[in-house]
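Each chain gets a letter, A, B and so on, in the order its sequence line appears, and its residues count up from 1.
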Number of protein chains: 2
Amino acid sequence: MKMSGGVEWGLHCCVVLSGAGAPVTAAKLAELHDVSQSYLAKQLQLLSRAGLVRSTLGQSGGYVLTRAANEITVLDVVEAIDGVEPAFRCTEVRQRGPMAVPAERCDTPCPIARTMDSADRVWRESLRRVTIADLIADVNRTTPPEILAGAREWLRA
Amino acid sequence: MKMSGGVEWGLHCCVVLSGAGAPVTAAKLAELHDVSQSYLAKQLQLLSRAGLVRSTLGQSGGYVLTRAANEITVLDVVEAIDGVEPAFRCTEVRQRGPMAVPAERCDTPCPIARTMDSADRVWRESLRRVTIADLIADVNRTTPPEILAGAREWLRA
DNA sequence: CTTGACTCGGACAACTGTTGTCCGAATAGA
DNA sequence: TCTATTCGGACAACAGTTGTCCGAGTCAAG
C-alpha cells in the first residue's frame, strides 16, 4: 500500500502558495522543490479540478489558493491527488464458492469490510483535523527565519 | 492508494482455519473462496513467513494457525501481507532546491510527515484492536447456521 | 524399508496503475 | 494585432501487483 508521491508535493505547494500573495507558476514551484516540472503540473491540475487552487493563464499567470489556509485540510489535498477511494475494497468473497451465502442474506456488510472501513474513517478524520494553516505555523516555528525570508524573496524575483 | 487484495483473502483464510481443527490445504481454501489457487498460495506463504500460520507437508498436510484466534489481530495479517511500510514516505523536499534547509537544521521531522505519521498510527491502532476472534464472533452472529455447518462439513470431506 | 503421491516454497511471466514527458489550445499584456 | 507565456490534456516508460508454473521436501501407506 503506497500513497501517491504527488501528495507530498501538493502539500508543499499549498504551503508555498499561501505565503506568496501573487500567482506562482508551475515552473517556479518545480524549481523551488527540485522536482519534475511536467509531473508537478499534473498534480496541480488535480488540485485545480478539486477546486483547491485557481489557475490564471498568460503572462504573470500561475496558481493561487481559492480559500484561506485554515479552510483547506490536509485531507482535502490527499483526496484531490490520491483519490477518494478507500484503500480496501470488499469483493464479497462470502458470496462466492461452493458455500456461498445468498445475496439476499448479505444485508449487513462483511465484518472484515466493517473493520477496514472503520480504520479508514479514523485515518481520514485524523487528516481532516490538520489544515494548511497548521502546517504553516509549524514551518514558521521550526525553520530558520533567514531561509523563510530568502524563499519569499526568491519567489518574487 | 490501494491495499493488496490478498489481505482480504488472508483474513478469510484465518477465519476458516480457526474453525477447522485439522490442517487445511491451500487448494481447499482456494476452492472454498473461489480464488486462484496459485496466487492464494503466495499469500499463505507470507502469513507463514510472518509466523501467523504453520505449514505441514506431505499427505494430510496443510495450514494451521499458530496462535489462538484472539491472539491474532487484523493488523498482524495486514502487515504480513501488505507490508509494514507506512503509505506515506517523506522525501525531505525541504532539503532540496535553491532554498534548501541544511540537514543539520532538520532535527525535527517535517510537519507534513508528522501529520501523515500520526494518521498512520491511529489507522494501525484501529486495526490492532480487532482480532480474528472478533471477526469469527461477528460471522457466527450474521451468517445462517446451516451454511456454517455446511462449510465445516465441506472442509472435513 | 520402499514406494508413491501429495504438500509447500520460490522462481518465472502478464497486467494494471503510477510516474514521467511532451506538445497544442488559450490567454493576458505590449 | 501580435507575441510571449501560461495551463490542460493526450502520449510513453517504469514499477508494483497479480497471476502461473514447476521443482524440492515430506508424510503415509504398502
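With sequence neighbours left out, the side chain to side chain contact (heavy atoms under 4.5 Å, CB included) criterion links A:Glu146 to A:Pro144, B:Arg105. The salt bridge (charged side-chain N to carboxylate O under 4.0 Å, His left out) search around A:Arg124 returns A:Glu79, A:Asp120, not counting sequence neighbours. Contacts of A:Asp138 classified as salt bridge (charged side-chain N to carboxylate O under 4.0 Å, His left out), with partners at least two apart in sequence or in another chain: A:Arg141, B:Arg114. Residues passing the salt bridge (charged side-chain N to carboxylate O under 4.0 Å, His left out) test with A:Asp134, sequence neighbours excluded: none. With sequence neighbours excluded, no residue satisfies salt bridge (charged side-chain N to carboxylate O under 4.0 Å, His left out) with B:Arg54.
The two residues B:Gly19 and B:Arg152 come nearest to each other via the heavy atoms O-NH1, 4.4 Å. The heavy-atom pair separating B:Val101 from B:Cys106 by the smallest distance is CG1-SG, 3.7 Å.
Atom-to-atom, CE of B:Met3 to C1' of D:dG16 comes out at 16 Å; the value is rounded to the nearest Å. Residue A:Met1 contributes atom CE, which lies 11 Å from atom P of D:dT17 at whole-angstrom precision.
Pairs engaging residues 61-96 of chain A under the ring pair (Phe, Tyr, Trp, His ring centres under 6.0 Å) rule: none recorded [sequence neighbours left out]. Within the structure, the ring pair (Phe, Tyr, Trp, His ring centres under 6.0 Å) test picks out the following pairs touching residues 13-52 of chain A (sequence neighbours left out): A:Trp9-A:Tyr39, A:His12-A:His33. Sorted by first and then second residue, the salt bridge (charged side-chain N to carboxylate O under 4.0 Å, His left out) pairs with a member in residues 19-47 of chain A read A:Asp34-B:Arg96; sequence neighbours excluded.
For DNA chain C, no neighbouring residue in residues 78-100 of chain A is found when judged by any heavy atom under 4.0 Å. Non-hydrogen atoms lying under 4.0 Å from DNA chain C are contributed by nothing in residues 8-19 of chain B. Listed in residue order, the members of residues 30-49 of chain A having a heavy atom less than 4.0 Å from DNA chain C are A:Ser36, A:Ser38, A:Tyr39, A:Lys42.
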Please list, pair by pair, any protein nitrogen or oxygen found under 3.5 Å from a nitrogen or oxygen in nucleotides 26-30 of chain D.
from	atom 1	to	atom 2	distance (Å)
D:dA28	O4'	B:Gln59	OE1	3.4

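For the residue pair A:Glu71 and A:Thr131, no side-chain donor N or O sits within less than 3.5 Å of a side-chain acceptor on the partner.
Residue-to-nucleotide proximity on DNA chain C shows that, of A:Ser4 and B:Ala27, the 5′-proximal contact is made by B:Ala27. Comparing A:Gly62 and A:Lys2 by the nucleotide of DNA chain D that holds the closest heavy atom to each, the one mapping nearer the 5' end is A:Gly62.
Taking 4.5 Å as the limit, some side-chain heavy atom of A:Val78 sits within range of a side-chain heavy atom of B:Met116. Side-chain contact between A:Thr91 and B:Glu8: present, with at least one pair of heavy atoms (C-beta onward) separated by less than 4.5 Å.
Using a 4.0 Å heavy-atom criterion, one finds that A:Gly6 contacts no nucleic acid atom at all.
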